[in-house]
J.: 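I'd like to ask some things about the structure below.
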Amino acid sequence: MELLEQRILDEGIVLPGNVLKVDSFLNHQIDPKLSMAMGKELVRLFDGTKIDRVLTVEASGIAIGLTTAFVLGVPLVFARKKSSVLMTEPVYMEKVYSYTKKESAEITVLQKFLPAGENVLLVDDFLANGEAALGMARIVEKAGSEVVGIGIAIEKSFQNGHKRILDAGYHLEALASVASLDDGKVTFVR
């Protein structure tokens with residue numbers, strides 16, 4: 001997606017450890033027009049796929065998940081990274097490791113918001129090692145539903161997440177696929 005790639009080139013900052021900081025438009029401050037364009041593009045990429053619900057992980061996946069769900073006209077559910085005293089009903093839970101935070105978290109979804117027999121599109125902001133996406137996929141499968149695709153805003157294709165998701169048999173689409181962050185420069189897959 002050319003618009004997203006240009007924003008990455010203009011505003012993205014490469015940090016040590018192969019981290020791409022895009023907090024000016026995606027991870028801290030959110031550009032609503034860009035988020036809507038990303039949601040529309042994900043819907044286009046999964047055109048012809050029956051989707052009943054969108055699932056993402058808090059917090060950075062919510063904006064793109066919401067715009068995708070809005071365009072589709074379906075509910076958005078987000079997996080929580082921290083338990084809440086309000087979550088007293090049965091839940092689905094999976095442990096995932098965050099590449100950027102260097103810590104594990106238990107992502108949780110109330111069972112009532114992920115009914116069986118649905119077609120679920122997973123959406124997230126970044127794909128590095130695939131932990132969040134694969135954790136969400138396990139939750140969907142525990143619920144008795146099907147993952148019909150995984151849509152990612154920015155994929156770091158030089159890490160193993162892309163391969164892990166394809167090896168697991170999922171349909172993966174990324175709006176921007178980064179080939180390298182070497183020497184502090186963003187290079188895209190062409």
Side-chain angles (χ1 to χ4, degrees), residues 1 3-4 7-8 20 22-84 87 91-94 96 98-101 105-115 118-143 145-156 161-162 165 168 170-177:
M1 180 179 179
L3 178 62
L4 177 57
R7 289 294 291 272
I8 293 167
L20 177 59
V22 289
D23 62 350
S24 66
F25 60 88
L26 185 63
N27 296 118
H28 193 68
Q29 175 172 269
I30 295 170
D31 179 332
K33 287 182 183 176
L34 177 62
S35 292
M36 186 55 76
M38 290 189 294
K40 288 177 180 176
E41 181 63 7
L42 283 176
V43 170
R44 187 191 70 75
L45 290 170
F46 288 99
D47 186 43
T49 303
K50 182 177 179 347
I51 299 167
D52 301 305
R53 188 171 305 261
V54 174
L55 176 64
T56 191
V57 177
E58 70 174 351
S60 296
I62 293 175
I64 186 175
L66 178 63
T67 59
T68 303
F70 179 80
V71 173
L72 288 167
V74 301
L76 167 69
V77 177
F78 63 89
R80 293 182 176 267
K81 291 181 183 174
K82 299 245 187 235
S83 293
S84 164
M87 294 182 81
V91 298
Y92 297 112
M93 185 180 299
E94 279 293 324
V96 298
S98 169
Y99 180 80
T100 51
K101 292 182 179 149
E106 289 183 338
I107 59 172
T108 307
V109 177
L110 286 174
Q111 289 181 8
K112 70 179 182 180
F113 295 133
L114 206 53
E118 289 194 336
N119 296 305
V120 181
L121 176 65
L122 307 181
V123 173
D124 209 0
D125 61 336
F126 267 93
L127 174 62
N129 291 323
E131 287 289 315
L134 292 170
M136 286 191 291
R138 290 189 299 271
I139 285 175
V140 169
E141 289 159 3
K142 281 181 185 178
S145 285
E146 181 180 350
V147 175
V148 294
I150 299 174
I152 302 293
I154 303 170
E155 163 189 66
K156 294 190 278 182
H162 181 99
I165 287 171
Y170 298 113
H171 175 188
L172 172 65
E173 296 286 349
L175 301 179
S177 189

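In what follows, every heavy atom counts, from backbone to side chain, and hydrogens, waters and symmetry copies are set aside.
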J.: Could you walk me through whether Phe78 and Leu66 pass side chain to side chain contact (heavy atoms under 4.5 Å, CB included), step by step?
T.: CA-CA 10 Å; Phe78 63 89; Leu66 178 63; over 6 Å; no
J.: Ile30: what forms a side-chain contact (heavy atoms from CB on, under 4.5 Å) with it, not counting sequence neighbours?
T.: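 Expected list: Ser35, Ala63.
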J.: Is any side-chain heavy atom of Leu72 closer than 4.5 Å to one of Phe46?
T.: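 No, every pair of side-chain atoms sits at 4.5 Å or beyond.
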J.: Out of curiosity, Leu175 CG to Asp125 CG, how far, rounded to the nearest 0.5 Å?
T.: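 Rounded to the nearest 0.5 Å, the CG-CG separation comes to 11.5 Å.
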J.: Would you say the side chain of Tyr92 lies within less than 4.5 Å of the side chain of Val140, judging by non-hydrogen atoms?
T.: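 Side-chain contact under 4.5 Å: no.
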J.: With the side chain counted from C-beta on, respond yes when Arg7 and Leu26 share a heavy-atom pair under 4.5 Å apart, and no when they do not.
T.: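 Heavy-atom side-chain distance check fails, nothing below 4.5 Å.
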J.: Side-chain contact test, heavy atoms from C-beta onward, threshold under 4.5 Å: evaluate it for Leu172 versus Leu127 and give yes or no.
T.: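 A side-chain contact exists here, since the closest heavy-atom pair is under 4.5 Å.
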J.: Quick one: does Phe70's side chain get under 4.5 Å of Leu76's, heavy atoms only?
T.: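 Not in contact.
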J.: For Val91, is there any backbone N or O sitting under 3.5 Å from a side-chain donor or acceptor partner on Gln111?
T.: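 Pair found, side chain donor or acceptor close to backbone of Val91.
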J.: Enumerate the residue pairs fulfilling side chain to side chain donor-acceptor pair (under 3.5 Å) with a member in residues 41-51, sequence neighbours excluded, ordered by first and then second residue.
T.: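 Listed by first then second residue: Glu41-Arg44, Lys50-Asp52.
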J.: Keeping Arg53 on the side-chain end and Pro115 on the backbone end, is there a donor-acceptor pair under 3.5 Å?
T.: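 No: the side chain of Arg53 does not pair with the backbone of Pro115.
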J.: Is the shortest heavy-atom distance from the side chain of Leu121 to the side chain of Val123 under 4.5 Å?
T.: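 Sidechains of Val123 and Leu121: in contact.
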J.: Do Lys81 and Val57 make a side-chain contact, defined as non-hydrogen atoms from C-beta onward lying under 4.5 Å apart?
T.: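 Yes, close enough: below the 4.5 Å cut-off.
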J.: Looking at Gln29 and Ser24, what are the two nearest heavy atoms and their distance?
T.: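 Between these two residues, the closest heavy atoms are NE2-O, 2.9 Å.
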J.: Counting only N and O atoms by type, is there a donor-acceptor contact under 3.5 Å from the side chain of Lys40 to the main-chain atoms of Thr67?
T.: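 No.
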J.: For Ser145 and Glu118, work out which heavy atoms get closest and say how close.
T.: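 Answer, listing the atom of Ser145 first, then Glu118: OG-N, 3.0 Å.
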J.: Would you say the side chain of Met36 lies within less than 4.5 Å of the side chain of Val71, judging by non-hydrogen atoms?
T.: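 Yes, side chains in contact.
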J.: How far apart are the C-alpha atoms of Ile64 and Thr56, what are their side-chain angles, what is the distance that settles it, and do they pass the side chain to side chain contact (heavy atoms under 4.5 Å, CB included) test?
T.: CA-CA 9 Å; Ile64 186 175; Thr56 191; 5.6 Å; no
J.: Where do Ile150 and Ile152 land on the side chain to side chain contact (heavy atoms under 4.5 Å, CB included) test, with the steps shown first?
T.: CA-CA 7 Å; Ile150 299 174; Ile152 302 293; 3.9 Å; yes
J.: In Å and rounded to the nearest 0.5 Å, what is the CD to OG1 distance from Glu94 to Thr108?
T.: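 These two atoms lie 10.0 Å from each other.
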J.: Do the side chain of Glu173 and the main chain of Leu42 share a donor and acceptor less than 3.5 angstrom apart?
T.: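 Such a contact is absent between Glu173 side chain and Leu42 backbone.
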